[in-house]
A.B. asks: 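I have a structure I would like to understand better, so I am pasting it below and will then ask my questions one at a time.
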Amino acid sequence: MASKLRYWLFKSEPSAFSIDDLAASPEQTALWDGVRNYQARNFLRDDVALGDLVLFYNSREEPLGVAGTMKIAKAGYPDPKQFDPSSKYFDAKSPADAPRWTGVDVRLIQKFPAVVSREQLGADATCAAMMVMKRGMRLSIQPVTREEWLAVHKLAGVRP
DNA sequence: GCCAACGTTGGC
DNA sequence: GCCAACGTTGGC
């Protein structure tokens with residue numbers, strides 16, 4: 001029996017990895033790596049499952065907001081960058097036989113016609129309650145509800 | 001660029 | 001195991 005589909009929000013700085021970068025990736029699929037926060041890692045490792053649906057959120061750089069959607073193409077596996085000394089995400093303390101950090105593969109579903117801004121999100125009763133709208137909530141991998149998923153699509157003017 | 005909020009580190 | 005110092009996140 002299939003497990004219940006979950007909904008998530010992943011943050012990325014567009015200058016590091018944008019939704020256009022994802023669209024330009026082979027098969028519009030890429031490794032979501034570099035998560036170095038334990039709570040976010042636990043979500044990636046334990047809860048994010050194949051087929052789950054994800055909001056792509058532009059963090060720290062304009063245009064802030066939800067740029068589009070993607071789905072999980074491969075569930076959690078060791079983030080290779082933790083073993084790459086040339087990477088800023090290298091972690092010398094991560095044991096090779098028990099990797100500390102997890103990545104997942106994501107595949108583009110759609111880029112929204114325009115980024116759904118924080119102003120739009122804040123003006124919507126459903127979206128305003130999302131974790132990402134809370135001040136000081138820094139978690140880069142967040143669960144969202146089905147209602148929030150649908151409300152963001154309504155604001156974007158597209159079908160889920 | 002500012003600064004508040006948060007997570008991690010390290011001395012004790 | 002506490003907690004101050006420090007580094008990072010992230011909106012403004």
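Chain naming here is simple, since letters A, B, ... match the order of the sequence lines and numbering starts at 1 in each. Since we're looking at a predicted model, the values are computed, not measured.
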A.B. asks: Between C:dC12 atom P and A:L121 atom CG, what is the distance in whole Å?
C.D. replies: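 Going from CG in A:L121 over to P in C:dC12 covers 11 Å.
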
A.B. asks: Among the candidates C:dG11, B:dT8, B:dG7, find the nucleotide nearest to the side-chain atoms of A:Y38.
C.D. replies: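 Within the option list, the nearest is B:dT8.
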
A.B. asks: Round to the nearest Å and state the distance from A:R60 atom CZ to C:dC12 atom C1'.
C.D. replies: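 So the two atoms are 13 Å apart, to the nearest Å.
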
A.B. asks: Using 30° and 60° as the class boundaries, would you call the ring planes of A:W101 and A:Y38 parallel, tilted or perpendicular?
C.D. replies: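 Aromatic pair A:W101/A:Y38 classed tilted.
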
A.B. asks: Do the side chains of A:D52 and A:K71 get close enough for a salt bridge, i.e. N-O under 4.0 angstrom?
C.D. replies: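 Not counted as a salt bridge, because no side-chain N and carboxylate O are separated by less than 4.0 Å.
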
A.B. asks: Could you state the CZ-P distance from A:R36 to B:dT8, rounded to the nearest angstrom?
C.D. replies: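 Result: 13 Å.
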
A.B. asks: If I take atom CD in residue A:E61 and atom C1' in nucleotide B:dG1, what distance separates them, rounded to the nearest angstrom?
C.D. replies: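 Rounded to the whole Å, the gap is 15 Å.
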
A.B. asks: Does a nitrogen or oxygen in the side chain of A:Y57 sit under 4.0 Å from OP1 or OP2 of C:dG11?
C.D. replies: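 Yes, because at least one side-chain N or O of A:Y57 sits under 4.0 Å from OP1 or OP2 of C:dG11.
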
A.B. asks: Has A:R118 got a side-chain N or O lying under 4.0 Å from the OP1 or OP2 atom of C:dG11?
C.D. replies: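 Yes, such a contact exists.
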
A.B. asks: Rounded to the Å, how far apart are A:I141 CD1 and C:dT9 P?
C.D. replies: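 For the pair A:I141 CD1 and C:dT9 P, the rounded distance is 13 Å.
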
A.B. asks: Is the A:H153 ring parallel, tilted or perpendicular to the A:F112 ring (thresholds 30°, 60°)?
C.D. replies: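 A:H153 and A:F112: perpendicular rings.
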
A.B. asks: Quickly work out the A:D91 CG to B:dT9 C1' distance and round it to whole Å.
C.D. replies: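 Nearest whole value for this atom pair: 14 Å.
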
A.B. asks: Rounded to the Å, how far apart are A:K88 NZ and C:dG7 C1'?
C.D. replies: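 Checked: the NZ to C1' distance equals 13 Å.
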
A.B. asks: May I ask you to verify if any side-chain N or O of A:R138 is less than 4.0 angstrom from the OP1 or OP2 atom of B:dA5?
C.D. replies: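 It does not, given that no N or O in the side chain of A:R138 lies less than 4.0 Å from OP1 or OP2 of B:dA5.
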
A.B. asks: Taking A:Y89's backbone N and O only, do any of them form a donor-acceptor pair with A:R36's side chain (distance below 3.5 Å, no angle check)?
C.D. replies: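 Checking the backbone N and O of A:Y89 against the side chain of A:R36, a donor-acceptor pair under 3.5 Å is found.
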
A.B. asks: So, is A:K11 close to the C:dT9 phosphate, meaning a side-chain N or O under 4.0 Å from OP1 or OP2?
C.D. replies: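 The answer is no; no side-chain N or O of A:K11 sits under 4.0 Å from OP1 or OP2.
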
A.B. asks: If you assign A:K93 and A:Q39 each to the DNA chain B nucleotide with the nearest heavy atom, which residue ends up on the more 5' nucleotide?
C.D. replies: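 Residue closer to the 5' terminus by nearest nucleotide: A:Q39.
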
A.B. asks: Separation of A:L139 atom CG from B:dG7 atom P, in whole Å?
C.D. replies: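 After rounding, the gap between these two atoms is 9 Å.
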
A.B. asks: So, does A:D79 use its side chain to make a donor-acceptor pair with the main chain of A:D33 at under 3.5 Å?
C.D. replies: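 Such a contact is absent between A:D79 side chain and A:D33 backbone.
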
